[in-house]
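In this text the structure is predicted, and so the values were computed from the model without any measurement. The analysis underlying the following values was restricted to heavy atoms, covering all of them including side chains, and did not include hydrogens, waters or symmetry mates. Protein chains get the first letters and strands the later ones, always in sequence-line order, with residue 1 at the start of each.
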2 protein chains.
Amino acid sequence: MPTIVVDVMPKAELLDPQGKAVAGALRRIGKTEFSSVRIGKRFELTVDGPVDEKVLAEVRDIAESLLSNSVIEDVVAIHEQGA
Amino acid sequence: MPTIVVDVMPKAELLDPQGKAVAGALRRIGKTEFSSVRIGKRFELTVDGPVDEKVLAEVRDIAESLLSNSVIEDVVAIHEQGA
């Protein structure tokens with residue numbers, strides 16, 4: 001069955017302490033080539049039936065209203081798995 | 001600066017109660033075309049300098065050892081942003 005992936009990331013202007021903690025851990029173990037880490041969410045929605053424009057519009061709507069908090073997060077990508 | 005994206009998802013055989021809650025919420029508001037939802041993590045690592053095979057190997061190593069818990073999660077994808 002087709003799967004639609006929704007990627008949600010914290011807004012660029014927010015601090016993302018979880019990402020900062022990982023970036024600090026990487027520095028401490030000597031991996032200095034990474035200047036920053038940000039951590040977001042990845043949703044996989046399995047669709048019953050074909051993925052058409054109607055389903056994609058519905059996913060866009062769900063992504064903005066239900067899967068992300070628009071005050072602190074951005075929906076950065078919506079795409080069909082493997083597409 | 002180049003960004004490498006690491007996608008981590010809960011293993012298929014695990015329940016993922018957070019995803020189940022979202023799937024239930026979708027059903028309740030009448031969005032019945034989605035049969036399941038799974039929620040994972042998306043890491044964005046900003047790299048200082050060019051992305052070569054050495055950096056990618058390091059990211060693969062970090063993804064398995066630091067960014068995911070291999071008991072309950074799988075690293076499903078590692079790719080350069082926009083690539």
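Counting heavy-atom pairs closer than 4.5 Å to chain A, the top-ranked of the candidates B:Ile4, B:Ile39, B:Leu66 is B:Ile39.
Within residues 26-35 of chain A, the residues that have a heavy atom under 4.5 Å from a heavy atom of chain B are A:Leu26, A:Ile29, A:Lys31, A:Glu33, A:Phe34, A:Ser35, listed by number. Residues of residues 5-23 of chain A having a heavy atom under 4.5 Å from any heavy atom of chain B, listed by number: A:Asp7, A:Met9, A:Val22. Scanning residues 47-65 of chain B against chain A with a 4.5 Å heavy-atom cutoff picks out B:Val47, B:Asp48, B:Lys54, B:Val55, B:Glu58, B:Val59, B:Asp61, B:Ile62, ordered by number.
Rounded to the nearest 0.5 Å, atoms OG1 (B:Thr3) and CZ (A:Arg38) are 10.5 Å apart.
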Exercise for review: Test B:Arg42 against A:Val76 for side-chain contact (heavy atoms from CB on, under 4.5 Å), laying out the working first.
Suggested key: CA-CA 11 Å; B:Arg42 175 188 158 99; A:Val76 294; 4.2 Å; yes
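Among residues two or more places apart in sequence or in another chain, the side-chain hydrogen bond (donor to acceptor under 3.5 Å, both in side chains) test is passed with A:Thr46 by B:Ser36.
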